[in-house]
Amino acid sequence: MADITDNVTIPDFNSLLQMDPYLKPYEQDFKRRYGLFEKGLFLLEEAEGGFDQFTRSYRTFGVNRQPDNSLLFQEWAPAAEALFLTGDFNGWDNFSHPYKRKEFGKWELCLPPKRDKSPAVEHKTKLKHIHPRPKKPASLRIYESHVGIASPDPKIASYTEFRLNILPRIKDLGYNCIQLMAIMEHAYYASFGYQVTSFFAASSRYGTPEELKLMIDTAHSLNIVVLLDVVHSHASKNTEDGLNRFDGSDSCFFHSPPRGEHTLWDSRLFNYSSWEVQRFLLSNLRWWMEEYRFDGFRFDGVTSMLYHHHGIGSGFSGDYSEYFGLQVDEDSLVYLMTANHILHTLYPDCITIAEDVSGMPALCKKVSEGGLGFDYRLAMAVPDKWIQILKELSDEAWDMGNIIYTLTNRRYGEKCIAYAESHDQSLVGDKSLAFWLMDKEMYTNMSSLVSMTPIIDRGIQLHKMIRLITHALGGEGYLNFMGNEFGHPEWLDFPRKGNNESYHYARRQYNLVDTEHLRYQQLYKFDRDMNCIEDKYGWLAAPPAFVSTKHEEDKVIVFERANVVFLFNFHPTRSQKDYRVAVGSPGKYTIKLDSDEKQYGGHGRLDHNTEFFTEPQPFNQRENSMLVYIPCRTALILGNDDTESCY
């Protein structure tokens, strides 16, 4: 009997094998996945006229106004016995407007216009100019954001406040991408937007759809792309305002329990093999791209989607057998392949990022190569490593080799988004990097009018160094959670019963960075200039770094990337004078960024007029080397060109 994969050909599979020959034993798995993907596209073409029409189903499902101003309502509810529309327009009469049953589980209701020819359900219509989308950045610098907390006041901030107050900061800081959380409508504010109740609605708690559109248009006018944190991995269990039991059954959009329930998240799991579920989700992606002009998506919970075990209790050692076989949910895997294929075909500059902790091979390779088609994956091990170091090790016990390993341990040819901390590390129960470093002294000792205490001094210097080495070595993109660029104190906690519905910790205190005498401003300036230097040299878009030094006793790390030299001295007390470092390109080097500058909260121990000249003396696998001075707890960037620094 012939194998079902015998006639499957993956167009560019050889390029994947050339990159990683160890995937060869799993060729049949890749062929089966690609075959399922091809079959799905063929069926879309045959039954729906192709994915272009299929993903425009939002124009026929839900509510749509017809040329004569009648309103056509269409829903998919295969198990429902009857369906009714109720609202202000009919005095909330539950039974006055029944839908008619159509074939394939669909229901339809048409409301004729009023006598004056206006729609039966009133709607305010506005026209606006559409800004062109920016091009996909070569170096992606992401500002992870939540609109509701974008204010120092204990309240829910608005789209308008974000546009007026936060967008100018993001532009000034040098971030070229915003990743927006909690936009898809969710009934429970404290869920951080991850318990979605309405997939085709922008959250109304921040303002109107028009205000969100204006916010995105304004970001585009600043040459900033905007990504939506999309939640297609699960849905809220709510029955009153969510998809759960939409047609009365427990399996309309979801698998029946237990497969259709996520035990840790207490939520429902989609049935990705269902034709109408695919229509719903793929159209949802298209709708956000078309209606709000998002530039792409950060897919939440990809690990949960990829495996039947959802990653629960799985450590993922990296053994390839963990990524193939019966534990892989190929229905959801093929859905992700299809989603990425459609998005990148319709929108060539679309950006997709996967939140995956498992390390699935080929996650960020093209679908034509047998991959899942994502542009980036999140380097989720990096923030965990920094928190572990700060919690468990003294400064003298920091392992330079282990830090390098964590920052560089990624699949070659698959791009990663590096970050020292995200919203996860800021949530209640954990601490931001700044709070781990300085804790309660942040309340009393952050004034620049007095000398730094040892704790504040250590915290400010290491905060800068951790972020720079993560930025420069950890990936092909960089992410920062709003406010952490200036060392935001405390944690995030949304109003809930456990905190008496308080908004005190559900805010970002930008007023701290605006206060001249507080040291938060020094950290802000360093973050801004770090991004500025990256913009000039483009190390995020450059090939991986060459690490020439990782000296355990000296606590020194040296590497080259994008024709600049990065030097880090993590030693708490020992400065390194006449320290020999390896360089590939000969010439004269000057300081491009210095974390020890006083404007960044440093001690100003370096003369920026100093010129460092290389010698043809081989060192650490490089043909040239030079002698430098690296103060303790200092990071430097040296360049041998005429590019001006950012300060």
key: Aromatic ring proximity, centroids under 6.0 angstrom, Phe192 and Phe494   =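 When the ring centroids of Phe494 and Phe192 are compared, they turn out to be within the sub-6.0 Å range.
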
message = Looking only at the aromatic ring of each residue, does the gap between the centers of Trp76 and Phe104 stay below 6.0 angstrom?
response =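 No, the ring centres sit 6.0 Å or more apart.
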
Can you tell me if [X] and [Y] form a side-chain donor-acceptor pair at under 3.5 Å?
{"X": "Gln388", "Y": "Lys391", "result": "no"}
{"X": "Asn90", "Y": "Ser96", "result": "yes"}
{"X": "Thr406", "Y": "Trp386", "result": "no"}
{"X": "Glu421", "Y": "Trp436", "result": "no"}
{"X": "Asp241", "Y": "Asn238", "result": "yes"}
{"X": "Thr470", "Y": "Tyr419", "result": "no"}

Nearest non-hydrogen partners of [X] and [Y], listed with the distance:
{"X": "Tyr478", "Y": "His471", "answer": "CD2-CD2, 3.3 Å"}
{"X": "Tyr188", "Y": "Ser191", "answer": "O-OG, 2.8 Å"}
{"X": "Leu167", "Y": "Ala219", "answer": "CD1-N, 3.9 Å"}
{"X": "Asn176", "Y": "Pro137", "answer": "ND2-CB, 3.5 Å"}

query = Looking at residues at least two apart in the chain, or sitting in another chain, which of them share a salt bridge (charged side-chain N to carboxylate O under 4.0 Å, His left out) with Arg245?
reply =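 By the salt bridge (charged side-chain N to carboxylate O under 4.0 Å, His left out) rule, Arg245 matches no residue at all.
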
query = Mind checking what makes salt bridge (charged side-chain N to carboxylate O under 4.0 Å, His left out) contact with Glu161, not counting sequence neighbours?
reply =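 In terms of salt bridge (charged side-chain N to carboxylate O under 4.0 Å, His left out), with neighbours along the sequence ignored, Glu161 is linked to Lys155.
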
query = Quick one: is the NZ or CZ of Arg33 closer than 6.0 Å to the six-membered ring centre of Phe30, and within 45° of its axis?
reply =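 Yes, cation above the ring, under 6.0 Å and within 45°.
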
